[in-house]
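Below, read A as the first sequence line, B as the second, and so on, with proteins coming before strands; counting in each chain starts at 1. What you see below is based on every heavy atom in this structure, not just the backbone, and it leaves out hydrogens, waters and symmetry mates.
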There are 2 protein chains.
Amino acid sequence: MAVKLRLTELEALAQAAECLRTLAHPHRLRMVQMLLQGRYAVGELAAACKLPTPMASEHLRLMQRCGFLTSEKEGRKVYYRVAEPHLKSILKCIEDRFGVTPASR
Amino acid sequence: MAVKLRLTELEALAQAAECLRTLAHPHRLRMVQMLLQGRYAVGELAAACKLPTPMASEHLRLMQRCGFLTSEKEGRKVYYRVAEPHLKSILKCIEDRFGVTPASR
DNA sequence: TTGACGTATCGGAAACTGTCGATATATTTG
DNA sequence: CAAATATATCGACAGTTTCCGATACGTCAA
């Protein structure tokens, strides 16, 4: 007699996979990690990742599209912040596994 | 004065991203979900995902390569099980966000 | 208006990924 | 031994992702 398994439906897993793929990039992880600790403009995030601004903008667009982030325009700057509350616990898991280093002390 | 941020080093984030990419596939998520609840042979996992066995084998190889799984050969079958303890909490986060449906009740 | 700044978008090249069919290996059975 | 079973690997193709340069857009200051 087979044991009954608790499984998520494949359709939901496909959605989850898409979100994970969006998260699965070193610069995007860094941006999320920053945004979980405050609100930042595109240029600030780009500088922190040592990326040209257009590429940072593109990464942010991807994360916004899957519901992770939202943006607010202020003057000529655009500030992003975390919109998906579960991001915090997911990043926590990742940090538990891969470590966290304070940037300066 | 800039607030000190708690950030993971980019190199570690690159490793994390690679692992997340490996996880970011509906069939692989399903397999991990099963393997967190027991030990399964390639054929059983393939059947549960409605995949040809060779493809299941390939997915399992990827997850083994990044340390998520280990395998034990028994006769002509190969049983896989979870090797990375953090997988459980990560899947928990994903299930919290995307829902879990018992396969049968 | 002009110019500078901050952000967004477009097009294309290179690299990577998922999938499939075919084949290979190892183990058990007859 | 040969045949059947279970898993693994290989080659190739289509599709996606990443990155970059160029360009476009919106806002502010002079």
Side-chain angles (χ1 to χ4, degrees), chain A residues 10-11 13-32 34-35 38-83, chain B residues 10-11 13-32 34-35 38-83:
Chain A
L10 262 185
E11 198 181 331
L13 288 179
Q15 229 186 304
E18 194 179 330
C19 288
L20 284 178
R21 248 185 303 123
T22 301
L23 204 56
H25 187 290
H27 294 142
R28 293 198 286 265
L29 283 172
R30 158 77 84 231
M31 289 179 181
V32 168
M34 289 180 66
L35 291 169
R39 175 184 98 123
Y40 291 94
V42 179
E44 298 172 318
L45 295 162
C49 297
K50 293 169 181 167
L51 280 179
T53 316
M55 215 177 305
S57 175
E58 170 70 5
H59 287 310
L60 292 164
R61 191 181 66 83
L62 286 177
M63 294 195 280
Q64 186 167 29
R65 201 160 59 78
C66 79
F68 288 166
L69 308 179
T70 56
S71 59
E72 301 153 12
K73 187 161 187 168
E74 276 181 31
R76 45 185 141 177
K77 295 195 175 182
V78 176
Y79 288 91
Y80 281 82
R81 60 183 181 76
V82 171
Chain B
L10 261 185
E11 198 182 330
L13 288 180
Q15 229 186 305
E18 193 178 330
C19 288
L20 284 178
R21 247 186 305 121
T22 301
L23 205 55
H25 186 291
H27 293 143
R28 294 199 285 264
L29 283 171
R30 157 78 84 230
M31 289 179 181
V32 168
M34 288 180 65
L35 291 170
R39 175 183 99 124
Y40 291 94
V42 179
E44 299 172 317
L45 295 162
C49 296
K50 293 172 183 166
L51 280 180
T53 316
M55 216 177 305
S57 175
E58 170 70 6
H59 287 309
L60 291 164
R61 189 181 67 82
L62 287 177
M63 292 194 283
Q64 187 167 29
R65 200 160 60 79
C66 79
F68 288 167
L69 307 179
T70 56
S71 59
E72 301 153 12
K73 187 159 187 171
E74 275 182 32
R76 46 185 140 178
K77 294 194 175 184
V78 176
Y79 288 90
Y80 281 82
R81 62 184 179 76
V82 172

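Of the residues in residues 72-82 of chain A, A/R76, A/K77, A/V78, A/Y80 come within less than 4.0 Å of DNA chain C through at least one heavy atom, sorted by number.
A salt bridge between B/E58 and B/R61 is present, with a side-chain N of the basic residue lying under 4.0 Å from a carboxylate O of the acidic one. In this structure, B/K77 does not pair ionically with B/E74, as no charged nitrogen and carboxylate oxygen lie closer than 4.0 Å.
The side-chain contact (heavy atoms from CB on, under 4.5 Å) check on A/P54 picks up A/P52, with sequence neighbours excluded. Every residue was checked against the side chain to side chain donor-acceptor pair (under 3.5 Å) condition with B/H25, not counting sequence neighbours, and none meets it. For A/E44, the side-chain contact (heavy atoms from CB on, under 4.5 Å) partners two or more places apart in sequence, or in a different chain, are A/Y40, A/A41, A/Y79.
No engagement by A/A56 is indicated, since no non-hydrogen atom pair under 4.0 Å with the nucleic acid exists.
Distance, A/M63 CE to D/dT18 P: 11 Å, rounded to whole Å. Between B/R21 atom CZ and D/dT17 atom P the separation is 12 Å, expressed in whole Å.
Rounding to the nearest 0.5 Å places CG of A/L62 at 11.5 Å from CG of A/L23. Atom CZ of residue A/F68 and atom OG1 of residue A/T22 lie 6.0 Å apart, to the nearest 0.5 angstrom.
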Tabulate atom names and distances for all N/O pairs under 3.5 angstrom spanning the protein and nucleotides 19-25 of chain D.
| from | atom 1 | to | atom 2 | distance (Å) |
| --- | --- | --- | --- | --- |
| D/dC19 | OP2 | A/H25 | NE2 | 3.1 |

- Task: Could you go through the side-chain contact (heavy atoms from CB on, under 4.5 Å) check for A/C49 and A/M31 one step at a time?
- Result: CA-CA 8 Å; A/C49 297; A/M31 289 179 181; 4.0 Å; yes

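The nearest pair of heavy atoms linking A/V32 to A/M63 is CG2-SD, 3.6 Å. Of all heavy-atom pairs spanning A/L29 and B/L13, the tightest one is CD1-O, 3.6 Å.
Between B/L60 and A/R28, it is B/L60 whose nearest contact on DNA chain D lies nearer the 5' terminus.
Put simply, chain A comes within 4.0 Å of DNA chain C, heavy atom to any atom, from C/dA4 to C/dT9, going 5' to 3'.
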